[in-house]
Every structure is written in C-alpha cells, then in structure tokens.
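In what follows, a single structure is set out as structure tokens and then discussed.
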Amino acid sequence: MAGRVPSLLVLLLVFPSGCLAFRSPLSVFKRFKETTRPLSNECLGTTRPVIPIDSSDFALDIRMPGVTPKQSDTYFCMSMRLPVDEEAFVIDFKPQASMDTVHHMLLFGCNMPSSTGSYWFCDEGTCTDKANILYAWARNAPPTRLPKGVGFRVGGETGSKYFVLQVHYGDISAFRDNHKDCSGVSLHLTRLPQPLIAGMYLLMSVDTVIPAGEKVVNSDISCHYKNYPMHVFAYRVHTHHLGKVVSGYRVRNGQWTLIGRQSPQLPQAFYPVENPVDVSFGDLLAARCVFTGEGRTEATHIGGTSSDEMCNLYIMYYMEAKHAVSFMTCTQNVAPDTFRTIPPEANIPIPVKSDIVMMHEHHKETEYKDKIPLLQQPKREEEEVLDQGDFYSLLSKLLGEREDVVHVHKYNPTEKAESESDLVAEIANVVQKKDLGRSDAREGAEHERGDAILVRDRIHKFHRLVSTLRPPESRVFSLQQPPSGEGTWEPEHTGDFHMEEALDWPGVYLLPGQVSGVALDPKNNLVIFHRGDRVWAINSFDSKFVYQQRGLGPIEEDTILVIDPNNAAVLQSSGKNLFYLPHGLSIDKDGNYWVTDVALHQVFKLDPNNKEGPILILGRSMQPGSDQNHFCQPTDVAVDPGTGAIYVSDGYCNSRIVQFSPSGKFITQWGEESSGSSPQPGQFSVPHSLALVPHLDQLCVADRENGRIQCFKTDTKEFVREIKHSLFGRNVFAISYIPGLLFAVNGKPHFGNQEPIQGFVMNFSNGEIIDVFRPVRKHFDMPHDIVASEDGTVYIGDAHANTVWKFTLTEKMEHRSVKKAGIEVQEIKGKGSKGLNLGNFFASRKGYSRKGFDRLSTEGSDQEKEEDDCSESEEEYSAPLPAPVPSSS
C-alpha cells in the first residue's frame with residue numbers, strides 16, 4: 001500500500017477546471033458519470049470524483065458541493081454512490097479540510113442515504129438504514145493510513161453502497177465573505193481482496209453532565225467484548241473545549257492495558273497505538289474522559305453544539321475477513337467498580353501548547369476561553385492526580401437552561417454484549433448535529449416545523465433511544481408452573497422488562513405491499529401477508545360491499561413471505577395469483593396458513609408445502625353475505641390447537657364471530673352490531689383480530705372501533721370480561737396472546753384525541769397495562785396486526801407504512817430522584833411503572849431545550865403526516881360504521 005500513496009497524492013492535488021464529471025473510458029465507472037453533481041468554481045480540489053490509479057485501484061474525492069453555512073453549528077451531509085458494484089476496500093483516507101472552517105467531519109457507509117439531494121441538513125439523518133462510521137476528522141488531523149493488507153470492506157453483497165459525508169461547521173465567522181466550501185475526504189480504494197478487514201469500535205457517553213464550576217468531572221464508559229478477536233492499531237479521541245484527557249484501555253483479569261491516551265485539544269487524528277493490543281471474548285473495554293466545569297456558569301451536557309460536550313473514543317481495529325464486523329459500539333458503564341483501579345495516568349492532563357489549541361469554536365465558547373487556564377506540563381515527582389469521584393450515568397438535560405431536572409440511572413452490571421451498532425451510529429448523528437429549532441438557517445431546504453411538535457417528538461424519541469441502551473440480558477419473564485393436578489391456571493407475570501425495537505433487525509426495510517397480517521410458524525419463522533401493488537381505497541367497494549376492481553385480476557406476486565427472524569432473509573414465498581385484497585393471517589399448530597380476503601369475502605386454509613392451491617375454502621367468492629355460507633369482509637381466523645375448531649371474525653359489515661368444525665362445517669355464531677356510545681358485551685363494531693387462550697378455553701376479540709378487547713368462553717360463548725383502557729384511544733386493531741401476557745396495538749387517534757399510536761403489553765390475569773412501546777426507526781402509521789412469540793419477541797405489521805417491526809424484551813432500569821430547580825423526579829421501581837416514559841413526564845413542562853438531542857429522522861414527525869394524509873389509502877372507509885368513520889387500514 002505504501003507504494004500507492006504518492007500516486008494518490010499526486011492525483012488528488014489537482015485544481016478544478018470544470019464541473020465534476022468523470023471522462024474515463026473505463027466502463028466500470030460509466031454509471032457514476034450520470035449521477036455526478038457539479039462543484040462550485042470557487043472550490044479547490046479535483047475536477048473528477050473518481051480517479052483511476054491502476055487496473056485494480058481508484059480514488060474517490062468526496063466533497064461538499066460548494067456550500068455556505070449561514071449559522072454556527074450547521075451540519076451538512078452529502079452522499080456519493082460507490083462507482084462499482086463489486087466488492088472493494090478502502091485502504092487510505094486523506095482529509096481535505098481546515099479547522100479554520102470545519103469543526104469536524106464524519107464519513108459513514110450505508111446502503112441508502114437519507115436524501116438524494118446534492119446536500120442536505122443532517123437533522124434529516126445520514127442514512128435510512130444501518131450507518132457505519134468509517135472515518136472521523138477534526139482539528140487539522142493528518143491523514144490516516146491503514147496497515148498493509150487491511151481495508152474497510154464496501155460494495156458487493158454485504159458492504160455499503162453509499163458514502164455519506166457529514167461536515168460540522170462550528171463557527172461560521174470564516175464565511176463572512178460568503179465563499180463556498182468544498183471540504184471533504186479523499187479515499188483510496190482497491191478491488192483486490194484484503195486478508196484483514198478494518199472496523200470501528202466507538203465508546204461514547206450519551207448522558208454525562210458537567211456541573212458549572214466543578215474542577216474535575218469523570219465520564220466513564222465500559223462494555224464487555226463479545227466477539228471474535230480484534231486487533232487495535234489506531235485510536236482517536238474527541239471532546240469539545242472542556243475535555244482535558246481521554247484514555248482507553250483493555251481490562252483482562254484485572255490488568256489494565258493502555259490502548260491510547262491523548263488530549264482532545266490536540267489534532268484529533270487517528271494515532272497509532274504504541275504497542276499492539278488484541279481484544280478477545282470476555283475482555284472489558286473501558287474509557288474515561290476527564291472534563292472541567294471551571295469557567296462555566298451553567299451545567300454542560302452532551303450535545304451537538306460547540307458549547308455542549310462530547311466524550312468519544314474511536315478504536316480502529318482489524319479482524320480476519322471471515323469473522324469481520326464493521327462497526328461496534330459501547331455507550332454504557334457496565335462495570336463502574338472496575339474504575340476504582342484505573343491507572344492514575346487516566347486523570348493526568350496532557351500538556352498542550354497554546355498555538356495548537358483550536359482557534360475557532362462556537363461564538364459562545366469565547367466567553368469561557370479566557371477563564372479556563374491552559375494545561376500545564378505536569379511535574380514528574382509532583383504529578384497531580386485528579387479526583388476520580390463517583391460515576392453516575394446522568395440521563396439528559398430535558399428542561400431549560402436553568403431547570404436542569406435530570407434522572408439518575410444506575411445500570412446493573414452485566415456479562416452480556418452491549419453492542420448496538422446501527423443504533424449508536426444514529427445516536428452519533430443525534431448528538432453531533434445542529435439544533436432543529438434553528439429553522440431560519442434552512443433557506444428553503446425544508447419547511448419550518450412547529451416548535452411544539454419538534455420538542456415533543458424529540459423528547460419521545462430520545463427517551464426511546466436511551467431505553468434501548470440498557471443491558472439486554474434480563475429478557476425472560478418469570479412464569480411459575482402450576483402445581484400438578486390443580487386444573488386450569490393463568491401464569492402471573494412477575495418480571496420487570498420493557499419492549500424495545502430490535503434496531504439490528506433489517507426487516508423494517510423489506511418494504512412489501514400493505515402489510516395486513518403477521519404470524520409465526522412452528523419453526524418460529526415470521527410469516528407476512530401483504531397486498532403487493534393493491535391498496536384498499538375509498539372506491540374499492542360499492543355500497544353493497546361488492547369489490548369494484550375485480551377486473552385487475554388477482555395479485556400477480558407472492559403475497560405470503562416466510563422471513564428469517566434473525567436476518568430478515570426471505571426463506572420462502574407463495575400466494576401468487578390467489579388473492580385480491582389480503583387481510584388476516586394465522587397459523588395453526590400443524591403449520592397450515594389461515595388467511596382472509598376482504599375482496600373475495602372468503603377464508604382459505606393453505607398448506608405451505610402444497611403448491612396446488614387451498615385445501616379448504618369458506619365463503620363464496622366475491623359474494624358478500626351474512627348467512628352460514630357467506631362472509632362480509634372477514635378479518636381474522638383462530639384455530640383451537642386442541643379441538644381444531646375454526647373461529648372467524650366477520651368482519652367489517654357483519655359484527656359476529658362464526659365457529660366452524662375442523663372440516664369447515666358451520667357450528668354456531670354470536671355477536672351483533674353495537675349502537676350508541678356504551679356498547680354491551682357481545683356487541684361489536686368491526687371485530688378485527690382474534691387471540692385464543694387455550695388453557696383457559698377463551699377467545700379474545702379486538703373490538704376495533706369500540707376501542708376494547710372482549711373475551712368469551714369457547715364452549716358456551718359466554719362473555720368473560722372486557723379489557724379497555726383510556727390509552728387505547730378509540731381503536732384496538734390487533735391482539736396476540738402468550739402465556740401470561742396479552743399484546744395489542746391501537747390505531748390513529750380521532751380528532752380531538754391525544755392518545756398516540758403504540759403497542760401495549762398487558763398482564764392477562766388482571767388486564768393491567770405493564771408497558772407501552774413504539775418504534776425508533778420509522779413510525780407507526782396504521783399498525784394492522786401483531787404477533788408475539790413465547791420468548792417475548794413481538795412483530796408488528798403496518799398497512800400504511802408497508803413495514804414490519806421486531807421488538808424484544810429488555811430489562812427495566814432502576815432510577816433515583818434528583819432535585820434540581822425545585823422539581824423532584826421521583827424514584828421509579830417495579831414492574832409496570834408509568835414513570836419510565838420520560839417523554840410523558842416532560843411533555844407537559846415548559847422551557848426545556850432540545851440542544852444536542854435532535855430527532856433521528858423526520859420520518860416520524862406529526863407535521864409530515866398531516867401534510868401527507870391526502871396520499872394515504874382509504875382502506876376500510878367503505879364499511880358503514882358509526883361516526884366517526886374508522887381510519888383506513
């Protein structure tokens with residue numbers, strides 16, 4: 001690789017003479033030529049983004065396309081597609097930036113950027129999928145060179161398809177002349193396979209608070225390493241102005257081995273480790289940032305502006321290609337007691353000459369600059385060891401500058417892995433981007449959003465992010481077995497947990513058609529029933545519920561997908577040319593699929609291994625009705641595992657439950673349409689979803705438009721009870737049962753209602769809500785079906801977002817209260833505590849700041865949905881339901 005570097009430098013130091021376009025005759029770069037964007041003529045750099053070096057190597061010049069930030073702490077992003085389809089390897093980085101204009105740069109790899117524009121404000125996000133940090137630069141750091149035989153893998157089947165450059169413009173005083181900036185980074189890539197694959201391990205604090213005037217504040221991070229061996233060869237530290245020293249270690253058998261130790265006030269380059277450090281399964285990775293609050297008049301928090309702080313340690317490593325992991329993270333302190341034996345050097349400042357200290361900080365920093373003394377060279381015999389103090393993980397500053405009410409979270413030490421790579425890449429974006437409130441800097445790039453919406457959305461999303469950082473090991477809830485011979489028994493949930501989105505699960509990006517049904521087969525694979533290119537629109541049915549788009553024919557693609565629950569790979573597909581408007585899906589104990597089609601007004605039993613068609617059909621094709629042989633838009637099916645009895649919820653235009661024998665013979669029906677505001681037991685307004693409770697011989701029904709769950713005895717059809725909560729709002733769309741627990745999702749709130757769309761976990765024995773949950777990636781629009789496995793994994797399919805989310809159980813954290821500004825946050829313990837939702841607590845408070853905690857993306861904003869709703873499908877508007885008209889699904 002050393003031989004390639006001079007050539008790269010010569011090729012990159014070329015002045016522009018025209019627009020950014022590639023004229024190479026090499027066919028491999030043909031596609032890229034069509035997608036390039038022109039650079040400003042004021043920019044210095046190459047005239048071509050792709051530069052061939054030899055038959056296997058090429059260079060990429062990734063630059064901002066001539067931008068002029070209008071406000072300090074602006075974050076701009078731009079993307080560049082990898083110009084080759086096959087696998088390639090990044091083997092060298094060269095920064096093209098100056099600290100006079102740029103605070104820092106991050107380079108991400110991903111499969112789809114958040115925008116296709118020439119550049120965008122990074123508060124829109126960097127990537128829509130998993131984002132891996134490939135490179136970071138700040139403070140005039142020199143180029144980073146990888147060891148020979150080591151490269152970052154991109155392209156091919158598994159590597160990133162896009163590079164996304166994020167540039168933080170801290171102080172914009174350098175742009176008083178309105179010049180255009182083209183800062184960026186140049187990459188050297190090769191298509192020759194590299195035996196060792198590089199990756200990045202990020203240790204980052206997300207919750208440190210530095211009290212005003214405090215001389216020394218330690219921020220500690222630690223996680224157990226649970227992967228194949230990695231070999232550390234470089235490190236980089238990052239804080240803002242208050243950071244004095246950052247140190248990273250591997251701890252093995254109580255012995256601390258230094259990875260790297262550096263002042264964050266020096267050029268923030270990747271420095272080579274002094275001695276090779278290998279990290280193996282079970283080792284502890286630990287980092288400490290030492291800050292001072294002297295000179296500050298207010299507490300300083302982790303955030304995205306220059307007057308906020310950060311505590312980041314980037315570890316660059318390599319692994320054998322067959323075991324390579326590109327990005328790993330740690331944002332917790334799982335072993336706080338271990339820091340009692342941290343080497344004293346971790347608290348000794350590193351001397352920095354005054355001419356090296358960063359010249360351009362945020363304009364507010366100048367107020368503190370003269371008040372903080374420059375670091376002095378410590379004396380060898382009289383080295384001052386700073387007070388280590390006690391470490392607590394302060395969650396965040398969620399109120400205003402002075403009303404700094406905080407929660408103190410104390411995580412239980414664990415022995416499990418704490419790597420949430422794709423999440424923390426997104427959190428890195430959150431805490432390193434500009435304040436969303438500064439909409440005046442957008443200059444038409446995005447319409448102004450209401451502050452109230454932004455703040456509420458940001459608080460809720462940040463709460464969900466923080467909760468996902470808890471240790472994942474206490475995932476199994478306690479279910480005591482009944483004493484033998486004591487008859488029926490309902491297990492009591494006694495564990496403490498919280499449902500969180502599985503952020504490493506890629507199934508959220510499957511994007512099939514409208515997802516109407518989800519279920520689990522006997523192998524615990526996820527099965528999805530979707531509508532392909534069909535939507536339920538306002539004109540899909542006439543006034544007599546006859547389907548009006550019959551001429552389109554059945555859906556020509558496979559509507560049933562079998563999905564690997566771990567990696568979301570499609571294992572099997574079926575259902576082509578069978579259905580017109582899919583709706584419900586359930587799977588019996590033998591693995592047979594039971595589906596409903598609201599256009600056909602039929603129920604089908606399918607053998608997934610039989611390609612010859614349905615093995616049982618109930619109802620008459622395209623004929624709505626209400627007798628024993630007809631359905632009217634049936635919604636769901638449940639099959640009793642003991643008796644084989646078939647239960648059908650029917651449906652949108654019939655308000656009944658119909659029972660059939662295992663062979664499909666009509667047995668009985670019950671239920672009637674509800675009227676008025678106080679529906680009686682056994683009355684329904686769209687019975688939408690069914691859940692059997694076999695050991696209690698009960699069938700529960702999601703009575704959708706009545707916003708409740710009704711349960712009945714399967715033998716006598718006797719009403720047992722109603723489960724109804726104000727948090728449901730006006731709708732309960734779907735339910736799923738596992739021993740001891742009932743899961744549910746509600747629907748969009750009607751006008752004047754405030755209940756958000758979310759998932760619910762209930763103790764089945766008493767009906768009480770134990771937990772509520774929502775996704776982090778994307779947002780619920782119309783969650784249409786839900787299914788839970790006995791290990792507590794939950795899948796939710798959305799008919800409008802065309803998405804399936806996976807949620808898993810995580811252990812609840814302990815809390816203790818801290819009284820600040822006269823407000824006390826109470827201690828929170830025990831299962832089902834409503835205080836866990838910080839968003840609910842702070843949503844009613846005024847004056848809190850959004851600094852440093854912008855939303856992950858704008859996909860979930862309320863404002864966007866309001867502007868979008870004209871494009872939504874009108875499914876289920878056709879049913880003649882009592883006012884208000886139910887939302888489409």
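To the nearest 0.5 Å, atoms CZ (R153) and CD (Q194) are separated by 11.0 Å. From D181, atom CG reaches atom OG1 of T101 across 4.5 Å, with rounding to the nearest 0.5 Å. Rounded to the nearest 0.5 angstrom, M316 CE and L202 CG are separated by 12.0 Å. One finds the OG atom of S205 at 12.5 Å from the CG atom of L313 (value rounded to the nearest 0.5 Å). S72 contributes atom OG, which lies 8.0 Å from atom NE2 of H168 (distance to the nearest 0.5 angstrom). The CG atom of L60 sits 11.0 Å away from the CZ atom of F93 when rounded to the nearest 0.5 Å.
Across every non-hydrogen atom of V325 and N227, the tightest pair is CG2-ND2, 3.6 Å. Taking all atoms of both residues into account, the shortest heavy-atom contact from G303 to M310 is O-CE, 3.3 Å. Taking every heavy atom of both residues into account, V67 and Y169 meet most closely at CG2-OH, 3.3 Å. The shortest heavy-atom contact between F58 and P83 is CE1-CG, 3.8 Å. Between A234 and F270, the shortest heavy-atom contact is CB-CB, 4.2 Å. The two residues V804 and W505 make their nearest non-hydrogen contact at O-CZ3, 3.3 Å.
Using cut-offs of 30° and 60° on the angle between ring planes, the pair H179 and F175 is parallel.
With 3.5 Å as the limit, one finds no donor-acceptor pair spanning the side chains of S114 and E124.
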- Please walk me through it: do V245 and R261 pass side chain to side chain contact (heavy atoms under 4.5 Å, CB included)? CA-CA 7 Å; V245 62; R261 174 174 169 268; 4.0 Å; yes
- Query: Run the side chain to side chain contact (heavy atoms under 4.5 Å, CB included) check on I197 and F89 step by step: do they pass?
  - Reply: CA-CA 8 Å; I197 303 302; F89 302 86; 3.5 Å; yes
- Message: As a quick check of understanding, evaluate side chain to side chain contact (heavy atoms under 4.5 Å, CB included) for M105 and V102, giving each step before the final call.
- Response: CA-CA 7 Å; M105 298 187 300; V102 172; 3.7 Å; yes
- Message: Working note: W120 + S79, criterion side chain to side chain contact (heavy atoms under 4.5 Å, CB included); need CA distance, chi angles, decisive distance, verdict.
- Response: CA-CA 9 Å; W120 65 92; S79 68; 3.9 Å; yes
- Message: salt bridge (Lys or Arg N to Asp or Glu O under 4.0 Å) for E501 and K806? Distances and angles first, verdict last.
- Response: CA-CA 6 Å; E501 182 186 353; K806 178 181 179 180; over 6 Å; no
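Using a 4.5 Å heavy-atom threshold, the side chains of T68 and F76 count as separate. Between Y318 and M230, every side-chain heavy-atom pair lies at or beyond the 4.5 Å cut-off. Residues Q265 and T239 are in side-chain contact: their nearest non-hydrogen atoms beyond the backbone lie under 4.5 Å apart. Considering only heavy atoms from C-beta on, K161 stays 4.5 Å or farther from M112 through its side chain. H188 places a side-chain heavy atom less than 4.5 Å from the side chain of D57. Between L187 and F163, some side-chain heavy-atom pair lies under the 4.5 Å cut-off. Two residues are said to be in side-chain contact when any heavy atoms from C-beta on lie closer than 4.5 Å; L82 and L189 meet this criterion. Taking 4.5 Å as the limit, every side-chain heavy atom of R236 sits out of range of all side-chain heavy atoms of Y135.
For the pair S115 (side chain) and G117 (backbone), a donor-acceptor distance under 3.5 Å is present. In this structure a side-chain-to-backbone donor-acceptor pair under 3.5 Å is missing from R288 to I221. Looking at S173, its side chain never comes within 3.5 Å of a backbone N or O of D171 through a donor-acceptor pair. Remark: side-chain polar atoms of E86 are not paired, donor with acceptor, to backbone N or O of G155 under 3.5 angstrom. For Y271 (side chain) and E274 (main-chain N/O), no donor-acceptor pair under 3.5 Å exists by modelled atom type. Within the 3.5 Å criterion, the main-chain N or O of R777 finds a donor-acceptor partner in the side chain of W805. In terms of modelled atom types and a separation under 3.5 Å, the side chain of R63 and the main chain of C182 share a donor-acceptor contact.
No close placement of the Y317 and H231 rings is indicated, their centers lying 6.0 Å or farther apart. For Y314 and Y235, the ring centers are positioned 6.0 Å apart or more. When ring centroids are compared, F327 and Y201 stay outside the 6.0 Å threshold.
Applying the side-chain hydrogen bond (donor to acceptor under 3.5 Å, both in side chains) test to D283 and every residue at least two apart in sequence or in another chain returns R252.
Residue pairs meeting the disulfide (SG to SG under 2.5 Å) criterion with at least one member in residues 62-113, sequence neighbours excluded: C77-C122, C110-C127.
At a threshold of 4.0 Å, the pair R191-E87 does not count as salt-bridged, since none of the basic side-chain nitrogens sits closer than that to a carboxylate oxygen.
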